[in-house]
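Residue indices begin at 1 and follow the sequence shown.
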Amino acid sequence: MGTLLMAPEDFATMAGIGAARNLTKICIDLYKIDSAGIFHNVNPLSFPFPLLLLQLSLSCGTFLLISKLLQPLGLPIVVRQLLGGIILGPTLLCRSRQLANLFFPLKGIVMMDFVSSLGNILYFFLLGVQMDPWLLKNIDRRAVKIGFFSVAVPLGMSTAWCFYLTSHTNVDQSIAKSLPSVAQAESVLAFPIVAQFLAELKIINSEFGSIALSSSFVAGLCSFCMRTTIVLLQQSAGDNYAALQTLINGVVLIVLIVFVLKPTTLWMIKQNTEGVPFKESNMIWLLLAVLFTGWLGHALSLYIYFGPLVFGITIPAGPPIGSALVDRLDILGNWIFMPLYLVKNGLLINVFSVKFKNYIIVQTVALVSSIGKFLGTLLVASCSNMPLRDAASLGLVMNAQGVLELSMFKLMENEKAIDHEVFVTMVISIMLVTGAIAPIIKYLYDPSRRYAVGKRRTVMNLKPNSELRVLVCIHEHENVLSAIKLLEVLNPTRRSPLCVYLLHLIEIVGRANPLLFSHSLTKTSSKKVKKSEHVVNAFRQFEDDNNDLIALSPFTAICPTKTMHDDVCRLALDKRTCLIIVPFHKRFQAIGNVSFHNKAIKITNENVLAKAPCSTAILVDQGLPDTRRTSLGGPSSYRVAVLFMGGPDDREALAIAARMAGHPSINLTMIRFIDNGNVASYSAWEKKLDNEIVSEFRTATAGNCKVTYIEEVVVDGTGTVSAVRSMENRYELLIVGKHHDNKSSFLSGLADWKDHHELGTIGDLLVSSQFMDKTSILVVQQHKIVKTKDPEIDRIAQDLEAEHQPIFRRVT
């Protein structure tokens, strides 16, 4: 029947599970793969294909059930997958001989072995696709030191512990022979697994994530060199030419992939039209190439996964091909085939078959190696001026393990480097260590903690005639014109210019490391950020049209949706911006008011609002022709209104509106809502602040005929709706704060209006109302210093909250 991917010893182990005991003949009749059906008195599970479908259903269903039950614990995906495999194995389900014979008979293992191995080939190929070798360019000395010592320290400590155990304790001979290999295997790191772990924790975009990626990349190279050297030495132990032959075969395969398959792939990419999805025919050719590299590696006596991994590394990360491959194959490989692969390994793992003494011995070696990784990383990172909490978190991240380590452990068992009991213990160690470090890292490292600044960054607290630093986020090309129009409305002048930091956010799959690219150093965009050319050019034209009034610094961030806010907040923090402008997740059209939803924008906006280190504004562009003019010049004026009901967000909205008052083409109206002659607010202190800022605004704009002050008297939510409705089609832009006092009479009956939580009650009312379909809306949230667990920072925050000295420039 040919060479099997599963070792004969594994079939022998499974013979104790299934009913079949005769290992000399395990055959499948190709003419009897599919069943005729139960209505022909035929048992479908007697045929390989229906049996395979049932096994796929069991593996995927068990994994999804465990994921749902353990979701509150936040366990990594590999832990849940391994746990599902063990549950279906002889540890739990297959302890029953009847169930084992029913679901996993020995004759059905061949088909399951083949399909799961095919899925594992896809898994290693996708790992290679997501690895960006150009990450080496960004590696600094700190990353090299951390990466080296995160491998060297655990290797030295675990090896020394192995010698101590074998010389001072009574260890079984089979276990004693395995301990050095355990020490070596537990000391290695895999860069793709660390990247995947960081992505699951949603910290891959943070500065901490960048350090962890570069350090794990160096550690992965050190681990690969160490493992390759050990394997070659082991293979050459009985044959002087075995190591040389293996090395030559590996070089031949790499040369074939680099000089034949890679140029062919790049040629296919060039033939693909820009902006058009990758052709299905080319995708099929690539999958055939993946299978070919796997077969060639197997034919050259290499691991069957070596060729696909190398081929994946040569494929350019990101769009058009890298993203397309990951997007289309991720579900198939990671969520269908990979659970089956782990079930296959789970059938070989019987936790109760391991002697407790042997388990403790092997587990201590793994534990010492984990401690070595932690200490090696912690000490070097601390000496590199990294905060202690971050250094400890980095040390824990370096202990992440996954399917790559599981495959390596299995290969070591097949090569007789470790005993079966040792293999089972090492699999358990993966679950225990990786499952334990995830919640600890979440407790120690919170990326939003870095965004908690000790100074209020708001437009209201800017000194008059000072530079306004704004971060503008663009997701789609349709966001460009409305953002440029808002920047012009902000009235940049020579005394009070605008410093605009443009961030084009691109959702990406297919790369293990995110990218933040600065366009400031060159006028030509990198090939990796070609999608940003039109966006950047539009803003550069706006900068040229407003010479000396606008200073532009464009950036492009390529990252997953769940971590986009980290790039936004980090850039806002580093550039000391006072305002972040983000687009609304719905895009409107004038005809029929049709809206398009962008879930990525919604997720990003919610996270930015929660963690931003400065004030934030959501721009709702209704998409009307007159609001898309690139210039405010002309005979008609641009009408702006700010709704003031009181509170910090409304005060910030008024401060933004005050900057617009001096523009010669803008008519500004301030509408203050009054409750039966009294100003409604959160408290007496808030009421005092509201009165002060309104008084300062009226004083600063006195004598300006284009500024109007109106007071609207309302008694309940119905009156608020009526007042808002009276503004129909009277303004091109409405500015409103996000948060208001829910106990206020202004909002009575409106507090349950929750179609768009990120806009607040009034903003949601304006967007959802049909009578406001011709008005763009700017919803403002003022920056508030978030209290931390540090009493000193909290004391400073309280002082700053009490400090209020808003100053408006006089506009006449």
> Hey, mind stepping through V151 and K373 against side chain to side chain contact (heavy atoms under 4.5 Å, CB included) and telling me if it holds?
Replying inline: CA-CA 7 Å; V151 176; K373 289 180 183 178; over 6 Å; no

> Among side-chain atoms of Y341 and S59, is any donor-acceptor pair under 3.5 angstrom?
Replying inline: no

>> Would you say E507 and T561 are linked by a side-chain donor-acceptor pair, where the criterion is simply a distance under 3.5 Å?
In response: yes

Taking the side chain from [X] and the backbone from [Y], do they hold a donor-acceptor pair closer than 3.5 Å?
X	Y	answer
S369	E186	yes
R80	L70	no
T91	I349	yes
D419	E421	yes
N249	Q245	yes
T314	F311	yes
S46	V42	no
S150	G147	yes
E415	M412	no
D113	I109	no

Calculate, to the nearest 0.5 Å, the distance between atoms [atom1] and [atom2] belonging to [X] and [Y] respectively.
X	Y	atom1	atom2	value
L69	L64	CG	CG	11.0 Å
T364	I371	OG1	CD1	10.0 Å
I360	T425	CD1	OG1	9.0 Å
L348	S353	CG	OG	10.5 Å
L309	Y123	CG	OH	10.5 Å
S117	H298	OG	NE2	9.5 Å

Show the nearest heavy-atom pair for residues [X] and [Y], with the distance to one decimal.
X	Y	value
G119	M338	O-CE, 4.4 Å
V424	N350	CG1-O, 4.3 Å
P76	G435	CD-CA, 4.3 Å
V115	L340	CG1-CD2, 4.0 Å
S429	Q363	OG-NE2, 3.4 Å
L52	M112	CD1-CA, 4.2 Å

> Does L288 CG have over 12 foreign heavy atoms under 6.0 Å away?
Replying inline: yes

> How about K357: does its NZ atom have over 12 heavy atoms from other parts shown lying under 6.0 Å from it?
Replying inline: yes

Side-chain touch [X]/[Y], heavy atoms, less than 4.5 angstrom:
X	Y	answer
L287	L329	yes
L118	L291	yes
N120	S407	yes
F208	V397	yes
L127	L404	yes
C60	W335	no
I203	T563	no
F197	I437	yes

> Between F409 and F423, is a ring pair (Phe, Tyr, Trp, His ring centres under 6.0 Å) present by the stated rule, with each step listed?
Replying inline: CA-CA 6 Å; F409 297 162; F423 168 73; 7.4 Å; no

> Is there a side chain to side chain contact (heavy atoms under 4.5 Å, CB included) between L88 and F103 once you walk through the steps?
Replying inline: CA-CA 10 Å; L88 293 179; F103 298 127; over 6 Å; no

>> Once you measure the plane-to-plane angle for Y305 and F124, does it fall in the parallel (<30°), tilted (30-60°) or perpendicular (>60°) bin?
In response: parallel

>> side chain to side chain contact (heavy atoms under 4.5 Å, CB included) for F63 and I77? Distances and angles first, verdict last.
In response: CA-CA 9 Å; F63 167 59; I77 185 173; 3.6 Å; yes

>> Run T434 and N399 through side chain to side chain contact (heavy atoms under 4.5 Å, CB included) and show every step you take.
In response: CA-CA 7 Å; T434 308; N399 278 283; over 6 Å; no

>> Just to verify, which of D330, I336, L332 counts as forming a side-chain contact (heavy atoms from CB on, under 4.5 Å) with L122?
In response: L332

